[in-house]
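What follows is a set of notes on a single structure, which appears directly below.
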Amino acid sequence: MMDKRNLLKLMVLALGVSVLLFVFGYPRGEQPIDEHTIRYVIEQEPSTLDPAKSTTSPEHTVQLQLFDGLVRLNDESEPEAALAKSWDISDDGREYTFHLRPDLKWSNGEPLTAHDFEYAWKRVLDPEVHADNAYMLYVLKNGEAFNNGDTTADDVGVKATDDNTLVVTLENPTAYFLKLLASHSYYPVSQKAVEAHENWAANADTFVSNGPYRLLSWKHNGEMDFIKNPDYWDADSVKTEKMNWPISESQSTRLTLVEGGEADMTVEPPVADQKRLEEAGLLHIGPMLGNYYYVFNVKAEPFTDPEVRKAFSMVINRANIVNNIVRGGKEAAYAFVPYGMLESNGREDFREAGSYLVYEDVEQAKEILKNAGYDKNHPLPPITILYNTSELHKAIAEAVQDAWVNAFGADVRLQNQETKVFLADREAGKYQVARASWVADYSDPQNFLEVFSAEDNDSQYHSDDYNELIARIRTTPNGAERDALMHKAEQMIFDESLVMPLYFTTQPYVTNGSIQNYFWTTLGLVDFKKAYK
């Protein structure tokens with residue numbers, strides 16, 4: 001039987017451990033995986049978890065578990081109150097006053113205030129940061145001007161008037177602003193964490209967030225471990241204590257992990273297995289507002305000529321690629337903006353209101369290429385298709401290669417790269433034609449059209465006329481006039497033949513059925529906040 005002295009020692013020791021956990025949070029490092037651990041296989045190693053700089057869906061999926069913004073999308077993909085408990089909107093629709101919940105905290109236990117939002121948003125727009133997502137904050141008053149170096153941060157329309165109040169002023173009334181606030185670019189970040197470590201968002205030891213879960217460990221190109229965040233404002237809704245996310249770019253490896261019982265869920269199973277998985281009740285189709293396309297480098301021969309770009313796009317059999325390679329509920333794309341977003345009248349789908357913007361005609365394509373100056377005496381230069389490593393990307397590239405070889409007798413080569421290298425080379429214009437995709441950051445056609453207005457867009461394209469048109473779209477109130485301008489902008493993309501659309505995306509995923517109460521947003525992200533096993 002334990003004497004009182006030893007019992008007292010144990011009580012003191014327990015108290016000490018409790019104090020340490022209170023001050024420093026849960027210990028970092030690996031945690032045992034039990035039957036209640038959610039095991040999700042992520043399809044790509046995140047390059048960064050910095051909300052200002054992340055660009056891929058896998059990165060945004062991770063961030064959704066780790067961050068909360070002023071609002072969060074619910075299972076209907078509609079914004080609902082999160083860190084902001086309420087807000088007021090001015091009569092002219094240009095000023096929003098957000099009232100934050102009291103006693104908010106970062107994952108390290110430090111206070112989170114409205115000043116953190118002001119810092120984070122101005123950081124995204126700071127031209128010295130070179131944030132890929134800066135354009136998403138151009139709706140803020142003077143947001144674009146600050147990002148272009150034409151004014152200072154003090155003039156940007158976001159101001160914390162006290163710890164719990166954030167006043168936001170927009171350039172123009174923006175109908176989709178609340179949905180925009182749920183995106184990663186509007187997450188708060190800890191100024192202290194950002195300034196303490198240059199690579200703060202690339203390692204678990206330095207990463208600070210504020211969402212349902214904390215990042216416990218990150219073995220790069222291996223796995224990520226998450227633990228419930230006890231300082232989360234809505235911690236009572238988080239039913240799962242731990243998550244383990246293996247990382248694999250291989251579709252077959254991801255599927256093997258699920259079917260072998262080492263994981264519960266993953267995305268994009270191999271096409272060859274989809275019919276079998278569907279019959280077994282393991283394959284499901286989630287929503288995703290996105291497209292898959294090839295982008296031409298307009299500064300690289302032979303694609304400096306828009307007619308050549310048009311010809312190369314016209315010989316692709318998109319239905320064949322969708323039906324025999326991709327599957328998963330995808331739909332052949334003959335335009336850029338996908339189905340699923342409504343016109344301003346709230347009834348008609350934007351895509352259905354538009355028209356086909358690219359057509360398939362091999363013989364006409366041959367004639368176009370001949371008129372562009374390419375024939376037996378003037379052959380095309382060698383062409384390299386650049387894509388990031390994946391069985392699916394490879395299979396699509398091989399189909400495109402065959403189409404161009406058969407139609408034009410072109411010398412077409414394939415080059416695959418690890419994702420980080422691929423993204424860097426594509427952004428730098430070190431390619432002729434490359435795989436690309438775009439998944440909506442918010443549910444509005446403008447988000448797709450803005451891709452080619454950015455100064456450093458991947459196609460290396462610049463048009464003052466196109467940029468002026470996008471500026472008009474941003475400043476035009478929601479209505480029929482804005483709809484018409486957006487259709488005109490999409491037409492310009494195809495007048496220039498900047499892209500070769502292939503299909504509109506969905507999010508096929510495999511699950512063993514053990515995870516309950518998760519949901520997919522229309523942006524193709526899975527939310528495990530309220531999920532459990």
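Numbers here simply count residues along the sequence, with the first being 1. Hydrogens, waters and symmetry mates play no part in the numbers below; they use all other heavy atoms, side chains included. Since the structure is predicted, the reported quantities are computational estimates derived from the model, not experimental observations.
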Can you tell if the side chain of W87 reaches within under 4.5 Å of the side chain of L70, non-hydrogen atoms only?
no
Steps toward ring-ring contact (aromatic ring centres under 6.0 Å, His included) verdict (F336, F452):
CA-CA 11 Å; F336 195 65; F452 299 101; 5.6 Å; yes
All ring-ring contact (aromatic ring centres under 6.0 Å, His included) counterparts of Y292, not counting sequence neighbours
H393, Y503
Under 3.5 Å, is there a donor-acceptor pair between the Y138 and N147 side chains?
yes
Look at atom CG of D34 and say whether more than 12 heavy atoms of other residues, nucleotides or ligands are closer to it than 6.0 Å.
yes
Only one of W218, F207, Y40, W245 passes ring-ring contact (aromatic ring centres under 6.0 Å, His included) with F226, and that residue is W245
Give me the ring orientation class for H184 and H60: parallel if the planes are under 30° apart, tilted from 30 to 60°, perpendicular past 60°.
parallel
Hey, are E268 and Y509 close enough side-chain-wise for a donor-acceptor pair under 3.5 Å?
no
Suppose we screen for side-chain contact (heavy atoms from CB on, under 4.5 Å). Which residues come up paired with A160, at least two apart in sequence or across chains?
A114, H115, E118, L166
List for me each residue that meets side chain to side chain donor-acceptor pair (under 3.5 Å) alongside E391, sequence neighbours excluded, and say none if there are none.
S250, S252
Would you tell me whether H36 and E241 have side-chain atoms, one donor and one acceptor, within less than 3.5 Å of each other?
no
For D273 and R327, run salt bridge (Lys or Arg N to Asp or Glu O under 4.0 Å): C-alpha distance rounded to whole Å, both residues' side-chain angles, the deciding distance at 0.1 Å, then the answer.
CA-CA 11 Å; D273 293 283; R327 298 178 186 164; over 6 Å; no
If we ignore angles and hydrogens, is there a donor and acceptor under 3.5 Å between the side chains of E450 and Q446?
yes
Assess the residue pair N244 and E223 against the criterion (side-chain hydrogen bond (donor to acceptor under 3.5 Å, both in side chains)); give the C-alpha distance rounded to whole Å, side-chain angles, the decisive distance to 0.1 Å, and a yes or no.
CA-CA 7 Å; N244 171 255; E223 64 180 9; 3.2 Å; yes
